[in-house]
2 protein chains.
Amino acid sequence: MASVTIYDVAARADVSIKTVSRVMNNEPNVRPQMRERVLEAAGALGYAPNLSARSLAGSRSFVIAVFVDASLTLDHWRSERGSDYLQRIQLGATVESRGAGYHLLVELIDHDDPRVRQEVGALLAALKPDGVILTPPSCDNEVVLELLDKAGTPYVRLGPEKPEGLGPRVHMDDVAAAREMTDHLIGLGHRRIGFITGDQRYGASQARREGYVAAMKARGLKVDKAWLQPGDFTFESGHKAATALLALDERPTAIFASSDEMALGALAAAAEAELSCPGDLSVAGFDDSPVSRLSRPQLTTIRQPLVEMSTLATKMLINGVTRKAEAGTGPRDELLPFTLIHRASTAPPKG
Amino acid sequence: MASVTIYDVAARADVSIKTVSRVMNNEPNVRPQMRERVLEAAGALGYAPNLSARSLAGSRSFVIAVFVDASLTLDHWRSERGSDYLQRIQLGATVESRGAGYHLLVELIDHDDPRVRQEVGALLAALKPDGVILTPPSCDNEVVLELLDKAGTPYVRLGPEKPEGLGPRVHMDDVAAAREMTDHLIGLGHRRIGFITGDQRYGASQARREGYVAAMKARGLKVDKAWLQPGDFTFESGHKAATALLALDERPTAIFASSDEMALGALAAAAEAELSCPGDLSVAGFDDSPVSRLSRPQLTTIRQPLVEMSTLATKMLINGVTRKAEAGTGPRDELLPFTLIHRASTAPPKG
DNA sequence: ATGAAAGCGCTAACAG
DNA sequence: CTGTTAGCGCTTTCAT
């Protein structure tokens with residue numbers, strides 16, 4: 001019942017606790033023979049160093065925290081969006097942490113609440129995490145960033161497009177991705193292309209719209225205001241926006257939605273309007289979420305390297321790359337490539 | 001930079017550190033006036049008790065761990081199943097933990113690996129979590145349960161149908177749910193009902209099949225072997241199984257899939273066979289995952305109370321209900337109700 | 001290459 | 001009601 005401590009191991013191996021400590025931390029200056037004895041004793045006793053003690057006495061906590069916005073996550077759950085955005089981020093971080101002997105703590109924070117300063121301050125003081133991964137849109141919160149800086153806690157911002165130079169980040173070029181998808185549609189021969197925007201609380205939404213507009217303009221295509229429909233990433237909003245687009249006098253021959261769920265909504269709207277896809281209407285999504293493969297036709301979409309992003313972010317944190325980065329070395333900015341995945345929902349327009 | 005400690009607060013409030021400790025832990029025997037002074041000082045200093053120190057000195061760690069199977073989760077990710085099973089479980093646990101000042105640690109464990117004993121043993125020794133939530137199928141792993149018992153760590157098994165009396169659990173009656181769905185189809189007038197089973201590594205898969213078989217037999221309907229098709233919860237497996245079912249000489253008029261993703265696969269197979277749903281073929285799913293609303297027609301399915309289950313499990317852990325339960329008091333077994341959600345994919349058969 | 005001593009910041013068990 | 005004294009199990013100095 002009483003757990004085995006470093007003293008038990010030291011006694012059994014007949015060495016000092018310091019030697020045990022050295023072995024457990026892979027420190028130098030231990031003869032192979034001693035190391036062997038300690039390892040044997042630790043194994044026999046089933047010893048594992050107590051994390052709290054290590055963290056209290058030492059300078060590391062072996063904890064990586066992931067900050068996730070509370071209200072948006074609850075929203076997400078209630079609206080049953082069906083995106084596995086956070087899940088994919090978490091997967092990369094969990095696997096990478098585990099590999100390095102770290103533990104992943106998931107913390108909800110109200111990044112829009114005035115109490116965020118108190119809340120995050122307390123969190124950092126209590127947890128003393130060795131690193132923090134900031135998911136959108138918390139990655140853009142200046143109070144959070146300031147507290148992190150003040151506490152000297154290394155962090156990585158995941159996905160933010162906008163505020164540059166605010167701290168290390170790992171992200172994707174949403175503007176370029178949206179541009180490429182729009183170019184893809186134009187390349188197929190589409191000229192009237194409708195766009196459905198995402199939830200404005202996420203920075204990526206604006207970036208994607210920018211990419212769309214930029215690509216249209218670059219090809220000399222005018223962007224009719226009516227072709228820009230608001231959405232919030234949900235199926236319903238996509239359905240509604242697409243219905244509006246398809247009711248236009250000169251209706252678009254293609255619709256580019258800022259999320260796969262909205263693209264599915266557009267697909268449903270097309271079916272209701274008795275338009276076939278991709279014959280009468282091409283539909284493109286964004287995210288390559290699992291649902292993009294559950295529709296007929298399957299969606300042409302943009303694959304975001306979310307798992308790779310969180311894996312890299314975790315690696316940076318654990319390797320202390322960020323710490324060095326803060327001292328002026330190492331990369332502070334990693335841009336990961338996206339992929340346009342061409343499936344069955346986009347094709348040349350009829351006629 | 002140097003963090004503020006209990007001594008700083010005590011000095012500023014001109015009390016002993018013990019009084020500060022009492023206030024921070026809401027212990028009795030502190031005059032309101034003292035409490036006020038301490039609170040003021042703590043607020044001014046931005047003090048939050050260090051978790052490691054609390055956990056090292058005291059008997060609580062303020063950490064709840066969620067054990068998730070590593071290889072299945074990676075499988076899940078690679079196959080892009082699109083289920084938000086774990087996400088919903090985690091949501092309930094995270095919100096509930098946060099409300100009580102606890103923190104949620106997500107740990108991947110290889111529950112099928114021979115090293116699981118060593119791995120989980122080390123995890124418990126290092127973390128000393130105040131409670132562990134076991135998700136399927138780790139909740140059925142006897143080595144894990146044994147280690148937990150030996151370590152005296154309270155835990156709750158989430159979802160397990162099978163091994164009873166092995167420890168506190170919060171679950172749903174999968175057998176009854178599958179029976180009810182089958183009854184629903186029979187009630188609509190269906191007699192030839194195909195069934196697609198789930199991944200056999202999950203206990204729920206067998207339970208759902210049992211429910212289906214029981215309902216059929218209870219109504220005096222024979223279960224043709226060919227009507228039981230194997231699946232693994234994925235869209236593709238559902239597609240394949242449904243294709244096989246629809247190729248039968250006497251094809252079923254309804255298909256009951258053990259997951260929503262497989263039901264969507266069945267929907268796709270029906271479309272390819274030029275069968276309309278629900279006109280020519282009724283399709284039912286299981287889980288009420290977000291994707292069940294992204295199809296046309298939307299799926300009739302079973303809603304699992306996953307968030308409620310994990311919320312309750314967390315509550316039990318934090319309130320120490322389990323600890324008492326282990327001493328003989330309190331409920332060791334919570335059965336939460338499911339809901340049959342009737343949407344558009346099921347209807348009476350033609351003719 | 002190894003060990004002894006001194007805390008890390010807090011709670012527990014007592015005193016008063 | 002409040003304070004004092006010991007540790008919790010480790011890592012850090014700093015000796016040897």
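In the text below, chain A, chain B and the rest are named by the order of the sequence lines, each starting its count at 1. Here the structure is a predicted model, which is why all the values come from computation and not from measurement.
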Taking only Lys NZ, Arg NE, NH1 and NH2, and the carboxylate oxygens of Asp or Glu, determine whether B:D140 and B:R169 approach each other closer than 4.0 Å. no
Residues from residues 8-18 of chain B lying under 4.0 Å of DNA chain C - heavy atoms: B:I17, B:K18
What residue pairs, at least two apart or across chains, pass side chain to side chain donor-acceptor pair (under 3.5 Å) with a residue in residues 41-53 of chain B? A:S55-B:S52
Test item: A:E107 and A:L127 side chains (from C-beta on) under 4.5 Å apart, heavy atoms: yes
Set of residues satisfying side-chain contact (heavy atoms from CB on, under 4.5 Å) with respect to A:L145, sequence neighbours excluded: A:L134, A:Y155, A:R157, A:L166
Where does the chain B footprint on DNA chain C start and end, counting 5' to 3' with a 4.0 Å heavy-atom cut-off? C:dG9 to C:dA13
Check every nucleotide of DNA chain D for an atom under 4.0 Å from a heavy-atom of chain B, then give the first and the last such nucleotide from 5' to 3'. D:dC1 to D:dG9
Indicate yes or no for a side-chain donor-acceptor contact from B:S97 to the backbone of B:L104 under 3.5 Å, with no hydrogens or angles considered. no
Does any non-hydrogen side-chain atom of A:R98 lie less than 4.5 Å from one of B:E119? yes
With ring-ring contact (aromatic ring centres under 6.0 Å, His included) as the rule and sequence neighbours excluded, what pairs involving residues 105-144 of chain A come up? none
Contacts of B:R12 meeting side chain to side chain donor-acceptor pair (under 3.5 Å) (sequence neighbours excluded), chain-then-number -> B:E40
Axis-to-axis angle across the helix from C:dA1-D:dT16 to C:dG16-D:dC1, five pairs each end, nearest 10 degrees, ~ 30°
Would you list the pairs meeting ring-ring contact (aromatic ring centres under 6.0 Å, His included) in which at least one residue belongs to residues 11-42 of chain B, sequence neighbours left out? none
Got a sec, which pairs hit ring-ring contact (aromatic ring centres under 6.0 Å, His included) with one end in residues 90-110 of chain B, sequence neighbours left out? B:F62-B:Y102
If you pin A:R60 and A:L56 to their nearest nucleotides in DNA chain D, which one's is more 5'? A:L56
Any donor-acceptor pair under 3.5 Å linking the side chain of B:T153 with the backbone of B:G131? no
What residues, two or more places apart in sequence or in another chain, satisfy salt bridge (Lys or Arg N to Asp or Glu O under 4.0 Å) together with A:D112? none
Contacting residues from residues 21-35 of chain A, given that a heavy atom lies under 4.0 angstrom of DNA chain D: A:S21, A:N25
